[in-house]
Amino acid sequence: MLDLNLIRENPDLVRTALQNRQMDVSPVDEILRLDEKRRSLLTQVEALKAERNAVSKEIGRSKEAATRETKIAAMREVGDRISALDKEVADVEAELHAITSAIPNIPDERTPVGTSEEENVVLRTTGQLPEFDFEPKPHWDLGPALGILDFERGTKITGSRFYVLKGPGARLQRALIAFMLDLHIRQGYTEQYLPFMVRTATVFGAGQLPKFADNLYKDHEEDLYFVPTAEVPLTGLHMDEILEEAQLPLFYTAYTPCFRREKMSAGRDVRGIKRGHQFDKVEMYMYTKPEDSDTLLEKMREDAEATCSALGFTYRVKQLCTGDLGFNSAITYDIEVWAAGCNEWLEVSSVSNVRDFQARRANIKYRPSDGGKARFVHTLNGSGLGLPRTLIAILENNQQADGSVVVPEVLRPWMGGVEVIK
RNA sequence: GGGGAGGUGCCAGAGUGGUUGAAUGGGACGGUCUCGAAAACCGUUGUGGGCUCCGGUCCACCGAGGGUUCGAAUCCCUCCCUCCCCGCCA
């Protein structure tokens with residue numbers, strides 16, 4: 001959510017932001033119009049309320065019945081006008097809120113302007129592309145051959161885009177989760193175990209509603225959403241709180257499953273486990289003072305990269321351009337790992353500084369140590385790697401000619417010492 | 001699932017229709033005192049919003065949302081949450 005004052009005082013900034021994101025700028029004018037209408041209505045209705053309050057006090061003090069009756073009658077009429085105006089204000093505010101909540105964050109000056117993901121900028125590539133003296137197989141062939149991945153049974157018990165991990169496959173994923181969480185703990189994050197279902201206000205606070213309702217699973221009976229990412233409950237953690245400056249920054253890490261309907265990407269990435277309706281992820285999250293968020297974004301990026309390095313991945317860091325930037329984000333780095341079987345770079349992490357965008361929606365502030373006015377915090381989020389794509393990279397890059405897969409050394413403690421899955 | 005109690009400011013806790021945005025106590029912060037501290041005393045201590053000659057002023061907020069009334073923290077309705085007892089399930 002953007003600051004209404006910012007939109008009012010600097011509409012061109014917002015228009016440019018929308019343009020750079022390849023979006024329609026007309027909502028800005030609509031907001032300005034509604035904002036003006038709202039303030040005009042408020043001036044009227046508040047004057048009436050002030051009058052009613054004052055006269056009502058007089059009525060309370062008045063002893064004379066006739067005077068009281070006259071005043072009560074007058075105030076009854078004022079009350080009717082207040083009700084009508086209040087209704088108008090509520091309508092205008094609802095419309096204003098609906099439009100404002102659909103405006104994305106303003107990209108950072110350092111976010112390159114571009115029209116689509118084609119114009120994302122590769123900042124750096126680390127490691128060499130692995131070489132094979134045989135034709136490396138994609139994971140959708142490798143996994144079933146090893147008996148650790150079962151697509152048919154996944155679709156049988158649930159439907160398309162669901163799969164079953166079996167035996168060492170399931171264990172490998174669990175090893176990755178434990179490894180990542182422990183690594184993030186060493187990097188200074190505090191582990192959280194969170195609800196996997198959240199209320200509407202929580203999803204709104206994280207910026208997933210109303211815009212992305214189509215992508216969410218919902219229990220309509222209980223009015224609860226299944227989390228699409230741990231970012232949602234991690235934002236909710238301090239919703240409607242005023243933190244102390246001394247508490248900041250807060251570093252959190254959490255493992256959660258993620259549930260996404262993927263209506264937008266129907267027909268895309270249908271092969272393998274790259275894009276499922278249910279997948280696991282370890283997430284990093286920060287609450288910071290505004291002046292620290294730029295620096296800490298780099299820490300979070302380094303922490304995500306450290307995970308890739310420890311697993312022996314060849315990876316590259318991309319800077320997203322305005323055309324591909326997420327709704328909440330001002331600046332985002334994507335980390336992509338090379339997968340030798342399907343021959344592509346897979347996005348395993350997205351590290352973003354959303355500044356005060358989520359904090360405004362979720363109402364998360366901090367009180368400066370000098371006792372000044374409470375200010376919105378900045379929040380940052382980043383995947384400590386999405387699990388399916390990490391699994392793909394391990395299976396495809398560590399495969400051997402006989403179809404077996406070498407387990408990365410750092411994971412072996414959680415694999416009962418198993419060195420090769422065969 | 002059945003029965004009962006409750007949700008008020010940073011905390012505890014009054015307040016059942018009219019100067020109550022909210023008593024009282026505690027905490028925190030500032031000041032006086034002190035070599036310093038404690039004690040004591042004095043003061044300050046919410047959020048959002050409108051207008052503003054930027055000195056203020058007005059509006060809203062006592063779990064959330066509606067309603068009654070000239071006027072609601074106080075009355076009514078719905079929902080949410082917490083606690084206790086019983087039942088049920090793990």
Side-chain angles (χ1 to χ4, degrees), chain A residues 1-9 31-101 193-205 209-210 218-225 233 236-248 290 356-377:
Chain A
M1 186 87 80
L2 296 182
D3 184 358
L4 199 52
N5 289 315
L6 176 82
I7 303 176
R8 186 154 62 215
E9 285 157 23
I31 289 170
L32 293 176
R33 186 184 67 80
L34 288 166
D35 174 55
E36 202 165 316
K37 186 168 179 195
R38 171 178 172 272
R39 286 183 292 142
S40 145
L41 286 169
L42 277 180
T43 306
Q44 297 172 53
V45 74
E46 286 185 0
L48 289 174
K49 284 181 179 175
E51 184 192 350
R52 181 176 70 181
N53 287 344
V55 176
S56 288
K57 280 181 184 172
E58 287 171 22
I59 292 170
R61 282 191 295 258
S62 167
K63 296 283 185 322
E64 199 189 330
T67 321
R68 286 170 60 106
E69 284 315 312
T70 312
K71 285 178 173 168
I72 287 173
M75 284 312 103
R76 193 172 293 148
E77 194 186 314
V78 168
D80 290 343
R81 287 161 65 197
I82 288 173
S83 298
L85 283 170
D86 267 345
K87 173 82 172 60
E88 268 191 80
V89 170
D91 289 347
V92 169
E93 285 185 343
E95 202 181 338
L96 189 58
H97 184 254
I99 298 173
T100 311
S101 5
Y193 172 80
L194 305 157
F196 299 161
M197 307 185 79
V198 291
R199 59 168 85 251
T200 305
T202 310
V203 194
F204 180 87
L209 280 179
K218 184 178 186 186
D219 173 357
H220 287 275
E221 203 174 342
E222 302 288 344
D223 203 22
L224 291 176
Y225 290 88
L237 223 42
H238 293 296
M239 194 162 56
D240 293 320
E241 288 185 25
I242 298 177
L243 304 164
E244 293 303 322
E245 179 174 350
Q247 290 178 265
L248 299 174
D356 62 4
F357 192 77
Q358 283 174 325
R360 272 179 201 287
R361 290 182 156 241
N363 189 28
I364 306 166
K365 299 183 174 178
Y366 76 99
R367 190 172 305 286
S369 310
D370 64 17
K373 212 163 139 43
R375 302 159 70 195
F376 287 110
V377 300

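The structure displayed is predicted, hence computed values, not measured ones. Just so we're on the same page: letters track the sequence lines, and every chain starts at 1.
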Atom-to-atom span, CE of A:M75 to C1' of B:G18 - whole angstrom: 15 Å

Rounded distance (Å) that lies between atom C1' of B:A64 and atom CG of A:D223: 14 Å

Pair A:R76 + A:D80: basic N to acidic O under 4.0 Å: no

Distance, rounded to the nearest Å, where A:E51 contributes CD and B:G50 contributes P: 22 Å

Members of residues 79-98 of chain A that approach RNA chain B, where some heavy atom sits under 4.0 Å away: none

For A:D86, side chain to side chain contact (heavy atoms under 4.5 Å, CB included) partners two or more places apart: A:V45, A:K49, A:I82

Distance, rounded to the nearest Å, where A:K57 contributes NZ and B:U19 contributes P: 8 Å

Proximal nucleotide (of B:G50, B:G18, B:G71) relative to the A:L42 side chain: B:G50

Nearest-angstrom distance from the residue atom CD of A:Q44 to P of B:C51: 12 Å

Closest nucleotide among B:C51, B:G49, B:U47 to the A:R367 side chain: B:U47

Nearest-angstrom distance from the residue atom CG of A:D240 to P of B:G46: 19 Å

Pairs flagged by ring-ring contact (aromatic ring centres under 6.0 Å, His included) wherever residues 34-69 of chain A is involved - sequence neighbours left out: none

Within-4.5 Å side-chain heavy-atom neighbours: A:Q44 and A:L48: no

Pairwise salt bridge (Lys or Arg N to Asp or Glu O under 4.0 Å) hits with a residue in residues 51-61 of chain A, at least two apart: A:E58-A:K71

Touch class at under 4.0 angstrom, heavy-atom based, for A:R68 against every strand present: base

Between B:G48 (C1') and A:R39 (CZ): distance, integer Å: 16 Å

Electrostatic pair A:D3:A:R8 at N-O distance under 4.0 angstrom: no

Contacts of A:M1 that satisfy side chain to side chain contact (heavy atoms under 4.5 Å, CB included) - sequence neighbours left out: A:H97, A:T100, A:S101, A:F204, A:R360, A:R361

Range-with-range stems for RNA chain B, at least three Watson-Crick or G-U pairs under 3.5 Å: B:1-7 with B:80-86, B:10-12 with B:24-26, B:27-32 with B:40-45, B:46-51 with B:56-61, B:63-67 with B:75-79

Over all atoms of both residues, closest heavy-atom pair of A:R68 and A:I59: NH1-O, 3.1 Å

Sugar-phosphate, base or nothing in reach of A:K49, heavy atoms under 4.0 Å: sugar-phosphate

Closest nucleotide among B:G18, B:G48, B:A60 to the A:K365 side chain: B:G48

